[in-house]
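Residue numbers begin at 1 in each chain, while the letters A, B, ... track the order of the sequences.
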Amino acid sequence: MAMAALRKEGRRLVLSSNPSSFARSAVFSEESCPFGARSVSTQIVRNRMSSVKNIQKITKAMKMVAASKLRSVQTRTENSRGLWQPFTALLGDAPGVDVKKNVIIAVSSDKGLCGGINSTTVKVSKTLFKLTSGPEKETKYVVLGEKGKVQFLRDSKKSMELSVTELQKNPLNYTQVSVLADDILKNVEYDALRIVYNKFHSVVQFIPTISTILSPEVVERESESGGRLGDLDSYEIEGAETKAEVLQNLTEFQFSCMMFNAVLENACSELGARMSAMDNASRNAGDMLDRLTLTYNRTRQAAITTELSEIISGAAALSH
Amino acid sequence: MKARPPTPASIPSKLTVNFVLPYRSEISSKEVDMVIIPATTGQMGVLPGHVATIAELKPGVLSVHEGSETTKYFVSSGFAFIHANSFADIVAVEAVPVDRIDPSLVQKGLADFTQKLSSATTDLEKAEAQIGVDVHSALNAALTG
């Protein structure tokens, strides 16, 4: 009974391997061994076993690297979470605000092999694009990270205003992010900036999140009309000459702070996703290796048995 | 994020302060007696029940008064929001406790930037040197005063 189950496992493995290469599948199925051949060569299985073992080593190493990087990034991310809270307390979060010029900033990673976090960002951004676009409206993308850029190039090339890659070459710091935020503000016209990123929750859980930053004009309009930001009118404003000037400084500062938190959260999610993806890959490679070892041993044993029975039956024939 | 309470009818006895930096939350929801904020319009003392204000910060000393204890930070720049419910949020780009500043380096930096300001030719250089001089003289004032 157990043998039958194991044989089934072995058969499934044959099916899952590339069916077009005859040589490879021939190794596993005994029916297709050449006529008259005594035993099947186990060379190819051995090669495959060693390659699977190597892949497992690589994925294990990648998991270790991601885990060790994650620890430092996670602390920094958690420390940066205080940064956006004062802005949200003051200005609130208004993802549903209806404005003409929307800029969607999609934060993705530069490297792959990190599960679905980049596709999630892209999917959410595209949905947001559909929601915000309409007659007399204009929505543009700003894409951070190589992987997101590739996905947007496929069908949204026209709406892509700007793309920035290799953000994470050095550890992320506020100066670098504020320069980036400045670059984005210089290059796009906006009424609302919407940052799409994956908020880190735990190593296996990321929440696609949208942060909305309104332009100074929209903030002023909303606060004067008593809309979402009605409370803002009750604040006394101290600083530069005019209210508009302070609001401009304020929203730009808010954008850089939100961006800082967003890129850190996304970097943290990326590492977490990579860690769990690589963990899965190592486990799969281990399972595959087990099945291959079983097939290998069984084939070898079958060959030995065949030879033994031939010798014994030969000897028996002679002795009579 | 924790929800903020509505504005109470009577003025509370303490001010709740959040003081955040990009890399750390220096003070988080701590109840203090008073903070003095270096706003661009001048030093601003904030007590519980202060009128709701948005203030830009300039390089200077932020002091937090709690009972008889006073903690002083030197902040580079940022924003302070004072809410009607006696909450004060201070967001700064960089801040250090004043006792960790090296006076000799401040003097050296001040001399360097003053010299740079006098020799600057382009507007950009001038502006950069001016910022350097401003920051260092504020640091100097923080240390001596």
(message) So for B:Phe79, is it side chain, backbone, both, or neither that comes closer than 4.5 Å to the heavy atoms of chain A?
(response) both

(message) Tell me whether B:Lys14 at atom NZ has more than 12 heavy atoms from other residues, nucleotides or ligands lying less than 6.0 Å away.
(response) yes

(request) Measure A:Leu264 against the heavy atoms of chain B and call it side chain, backbone, both or neither at under 4.5 Å. (result) neither

(message) Walk me through whether A:Leu90 and B:Asp89 qualify under side chain to side chain contact (heavy atoms under 4.5 Å, CB included).
(response) CA-CA 9 Å; A:Leu90 180 74; B:Asp89 293 323; over 6 Å; no

(message) Looking at B:Ile101, I'd like to know if its CD1 atom is crowded, meaning that more than 12 non-hydrogen atoms belonging to other residues, nucleotides or ligands lie closer than 6.0 Å.
(response) yes

(message) Within a 6.0 Å radius of atom NZ on A:Lys69, are there more than 12 heavy atoms belonging to other residues, nucleotides or ligands?
(response) no

(message) Between B:Val51 and chain A, with a heavy-atom cut-off of 4.5 Å, which part of the residue counts as in contact: side chain, backbone, both or neither?
(response) side chain

(message) To check you understand the geometry: which heavy-atom pair defines the closest contact between A:Tyr235 and B:Thr53, and what is its length?
(response) CD2-N, 3.5 Å

(request) Give, as side chain, backbone, both or neither, the part of B:Thr41 having an atom under 4.5 angstrom from any heavy atom of chain A. (result) side chain

(request) Would you name the heavy atoms of B:Val20 and A:Gly82 that are closest together and state the gap between them? (result) CG1-O, 3.5 Å

(message) If we define contacts as heavy-atom pairs under 4.5 Å, which of A:Thr75, A:Val177, A:Leu83, A:Thr77 has the most with chain B?
(response) A:Leu83

(request) To the nearest 0.5 angstrom, please state how far the CG atom of A:Leu232 sits from the CD1 atom of B:Ile54. (result) 4.5 Å

(message) Measuring from atom CG of B:Leu21 to atom SG of A:Cys257, what distance do you get when rounded to the nearest 0.5 angstrom?
(response) 10.5 Å

(message) At a 4.5 Å cut-off on heavy atoms, which part of B:Ile90 comes close to chain A: side chain, backbone, both, or neither?
(response) neither

(request) Begin from the C-alpha positions of B:Asn18 and A:Gln85 and carry the test side chain to side chain contact (heavy atoms under 4.5 Å, CB included) through to its verdict. (result) CA-CA 9 Å; B:Asn18 289 301; A:Gln85 296 185 356; over 6 Å; no

(request) Go through the atoms of B:Ile82 and report whether side chain, backbone, both or neither lie under 4.5 Å from a heavy atom of chain A. (result) backbone

(request) Compare every heavy atom of A:Ala89 with every heavy atom of B:Arg4, then report the nearest pair and how far apart it is. (result) NH1-CB, 3.4 Å

(message) Counting only heavy atoms not in A:Glu78 (residues, nucleotides, ligands), do more than 12 fall under 6.0 Å from its CD?
(response) yes

(request) For A:Phe260 and B:Pro22, work out which heavy atoms get closest and say how close. (result) CE2-O, 3.2 Å

(request) Apply side chain to side chain contact (heavy atoms under 4.5 Å, CB included) to the pair B:Phe81 and A:Leu250, showing each step before the final yes or no. (result) CA-CA 11 Å; B:Phe81 313 133; A:Leu250 180 66; 3.4 Å; yes

(request) Might you confirm whether atom CG of B:Asp99 has over 12 heavy atoms from other residues, nucleotides or ligands at distances under 6.0 Å? (result) yes

